[in-house]
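Below: one structure, written as structure tokens.
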Amino acid sequence: MAETQLDLHLEIAHVLFIDIVGYSKLLINEQGEVLQQLNQIVRDTSQFRKAEASGELIRLPTGDGMILVFLHSAEAPVQCAIEISDALRSYPKIQLRMGVHSGPVNQITDVNDKSNLAGAGINVAQRIMDCGDAGHILLSKRVADDLAHYRQWQSCLHDVGEFEVKHGVKIHVVNLYTDDLGNAAFPQKFKQGTKESLAPPTRKGEGSQQIIRIVGVLIAAIGLLIGFWFLWQRGAQKGPGAAGGTTVHAASNEKRIAVLPFKPLTPENRDQILELGMADSLITKLSSSRQIIVRSLASVRKYSGLDQDSLAAGRELQADSVLDGNLQKSGDHIRVTARLISVADGASLWAGTFDEKMTDVFAVQDAISQRVADALALRLSGQEKERLIRRYTDNVEAYQLYLTGRYHWAKFTPPDIRKGIGFFQQAIQLDPKYALAYFGFAEANRSLAINADVPSKDCLPQAKAAAIKALEIDDSLAEAHASLSFSLIWYDWDWDGGAREAQRAIALNPNSAHSHFALAHVLSDQGRHDQALAEVARARELDPVFLLYRALEGMFFHHARRDAEALDRLQKTVDLDPNFWVTHLMLGKVYTQQRKYSEAIEEFGKARELSHGNSEAIASVGYAAALAGDKLKAQAVVNELKALSNEHYVPPVNVALVLSALGETDKALASLENGCAERDVRLTLLKVDPRWDSLRSDPRFIAILKRIGLQ
């Protein structure tokens with residue numbers, strides 16, 4: 001008879017072990033109900049759905065809980081545990097303890113032809129979980145050490161110490177909790193300090209002889225080595241862009257570079273669009289490497305002055321090196337001089353001059369990008385090398401139209417945004433496969449929805465369609481995924497889809513500030529404040545002088561009911577630039593919550609003036625006036641908004657804001673209903689914005705939250 005061969009399929013897996021505390025004390029029918037509720041809670045988590053959809057999840061029942069085995073992402077079981085813990089606040093009768101460990105597992109098929117697992121990864125996860133009490137999310141030190149490399153997790157990890165389990169084995173446990181989630185209490189087993197026998201799942205007939213233990217240890221060691229090899233192979237095959245949406249933050253030792261707007265060789269022959277566009281193109285190319293953090297166009301465009309000191313700009317941008325240069329276009333020729341300098345000492349790291357036909361501008365950009373990568377000693381993967389020299393179009397005219405669109409859109413004023421949209425459309429007409437032009441068109445339309453008084457139906461479906469088209473052409477465009485995330489939550493109220501696209505963007509480019517900002521928005525609007533603040537903090541770190549991230553970080557703190565920190569962030573943003581209207585709008589919101597109504601009205605007035613009449617700024621004046629007792633002024637604002645609606649679109653949510661402060665609840669709720677019908681972008685803040693607290697108990701308000709997926 002031929003010898004049967006055993007196919008082990010060993011690999012490193014990431015295990016979440018879940019146990020219902022007090023399950024055996026429940027009545028039989030209660031046990032079934034609790035398990036059914038738990039199963040639904042788990043299935044509703046984004047991590048579960050994402051891993052299951054990609055075939056990277058194995059789930060196993062344990063009678064009074066379950067085991068979730070994630071095969072790709074070490075962060076996924078931890079994020080899943082947090083989502084479960086958050087959802088359980090609505091189910092106080094369900095008490096869970098959870099344990100997470102990464103270790104070797106062996107996929108097997110049982111007698112029912114169903115997938116099953118065995119191995120040290122499962123056993124240790126259970127032992128970790130068994131150390132906890134109700135509410136605890138406990139991690140093995142291995143998992144905690146992996147998470148500790150990322151800022152978003154560092155404040156959540158609390159070392160508990162070592163504990164001795166069966167056979168003298170010691171496990172090191174870390175407690176994960178935040179202000180809102182997890183259990184901050186020291187586990188009872190550690191308080192007792194006793195030696196426990198926390199046995200792994202056993203089967204009848206298991207012996208305890210020394211020889212079996214020795215063989216078991218050897219098999220586990222071999223499995224671990226095979227598992228590491230397996231994981232390495234998976235990574236090598238899938239490449240750096242294959243992660244399915246895990247949020248990974250960059251390590252602190254990465255190199256930071258700022259590409260400044262190029263300057264004219266002769267000031268009288270300036271071409272500001274090309275000068276800024278050269279920087280924009282190089283930013284896009286260099287951002288393909290995960291080894292460097294490249295400051296965004298939004299951050300560097302302020303340094304386009306002819307007398308700008310490059311080293312001073314580099315210090316303000318918190319960059320290690322600066323790439324700047326000069327260019328001049330003459331007829332069909334372009335001359336470019338570029339240099340890479342160290343911010344610390346001003347030393348030149350590389351310099352080069354190129355004199356080419358304008359049709360060869362793409363070759364110039366390729367050459368500069370490659371020289372910079374060489375000068376910074378970047379070790380690029382094959383995929384990163386390919387992206388470094390990728391050309392999104394070979395049509396120079398389409399490229400120039402795209403640059404012109406970017407130039408206008410990046411000013412963020414409604415007239416310029418509309419100009420940008422026109423240029424993006426022309427670029428697309430010349431090259432229908434120009435992915436970046438579709439992305440620009442998507443972002444410009446998305447910007448109209450929030451920066452201008454424009455109906456959502458007139459811009460957000462167009463933004464979504466353009467982002468999808470860009471991704472059909474090139475799915476690796478991280479910021480197109482981020483742009484799509486905004487359209488999905490703002491117009492479709494698709495919160496899972498929005499989170500998925502933002503996470504995909506971060507997986508493609510962990511150093512994309514815009515992608516972290518997109519995820520922060522999704523999380524904050526859903527009330528997941530700690531995670532949102534970690535993401536927006538990362539966006540600010542990646543783009544330290546971009547005012548929008550700083551101002552909205554203040555808003556996220558405000559929505560988390562942490563106004564002291566909100567005020568600190570916003571005042572620092574005013575110090576950077578006192579003329580950014582969004583900062584004053586957010587300051588007014590904080591002052592209103594603090595009942596400093598005169599200060600609030602002053603800030604809202606500045607926001608109105610600097611934004612050239614944004615209707616939210618106008619409405620906010622009326623809201624604060626009503627709360628201050630000046631109902632005549634508040635009513636005057638309502639009348640003004642009605643008059644403005646005869647000239648241009650006024651979002652219904654802004655009108656509802658003033659009406660709610662005036663105590664006209666029925667009219668306010670009717671206006672919010674109109675906002676639902678019109679898909680008003682501002683509805684997505686209803687769950688967390690303190691200004692709607694007076695309506696929260698009204699069933700009609702609750703129904704609106706349910707309608708938009710926030711209840």
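What you see is a predicted model; the values in this text were computed from it and never measured. All residue numbers refer to positions in the sequence shown, counting from 1.
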message: Just verifying a value: how many Å separate Q79 CD and L16 CG, rounded to the nearest 0.5 Å?
response: 12.0 Å
Residue pair Q426 / L430, side-chain heavy-atom distance below 4.5 Å: no
- prompt: Is a side-chain N or O of W495 found less than 3.5 angstrom from the main chain of I708, in a donor-acceptor match?
  reply: yes
- prompt: Would you call D458 and L448 a side-chain contact if the rule is heavy atoms closer than 4.5 Å?
  reply: no
- prompt: Do the side chain of Q462 and the main chain of C459 share a donor and acceptor less than 3.5 angstrom apart?
  reply: yes
- line: So CD of Q400 and CZ of F423: to nearest 0.5 Å the spacing works out to 11.5 Å
- prompt: Is there a donor-acceptor contact under 3.5 Å from the side chain of E275 to the main chain of S304?
  reply: no
query: Any idea how Y434 and Y402 line up, ring-wise: parallel (<30°), tilted (30 to 60°), or perpendicular (>60°)?
result: tilted
task: List the steps, then state whether side-chain hydrogen bond (donor to acceptor under 3.5 Å, both in side chains) holds for D474 with S476.
output: CA-CA 5 Å; D474 184 358; S476 69; 2.5 Å; yes
message: Which residues pass the side chain to side chain donor-acceptor pair (under 3.5 Å) test with D680, not counting sequence neighbours?
response: R682
field: Inter-residue atom distance L548.CG - S447.OG, 0.5 Å rounding
entry: 9.0 Å
- prompt: Are a donor atom and an acceptor atom from the side chains of R500 and Q503 found within less than 3.5 Å of each other?
  reply: no
- request: Not counting sequence neighbours, which residues clear ring-ring contact (aromatic ring centres under 6.0 Å, His included) with H529? List them please.
  value: none
statement: Across all chains, not counting sequence neighbours, the side chain to side chain donor-acceptor pair (under 3.5 Å) partners of E443 are R446, S483, H514
field: Heavy-atom closest contact (V336 atom, L327 atom, distance)
entry: CG2-CB, 4.1 Å
field: F48 six-ring centre to R59 NZ/CZ under 6.0 Å and within 45° of normal
entry: no
- prompt: Any chance NZ of K687 has more than 12 other-residue heavy atoms, nucleotides or ligands included, within less than 6.0 Å?
  reply: yes
D280 with R301: basic N within carboxylate O range, under 4.0 Å: no
- prompt: Quick one: side chain to side chain donor-acceptor pair (under 3.5 Å) partners of T684, sequence neighbours excluded?
  reply: none
Student check: side-chain heavy atoms of L403 and L401 closer than 4.5 Å: no
- request: Go through the structure and list residues passing side chain to side chain donor-acceptor pair (under 3.5 Å) with N509, not counting sequence neighbours.
  value: none
message: Check this for me, if you would: do D543 and R295 make a salt bridge, where the nitrogen-to-carboxylate-oxygen distance has to be below 4.0 angstrom?
response: no
statement: Tightest non-hydrogen contact, residues L317 and V545, listed as CD2-CG2, 3.4 Å
query: With sequence neighbours left out, what residues match Y549 under ring-ring contact (aromatic ring centres under 6.0 Å, His included)?
result: F517, F546
field: Heavy atoms of other groups near E397 CD, more than 12 under 6.0 Å
entry: no
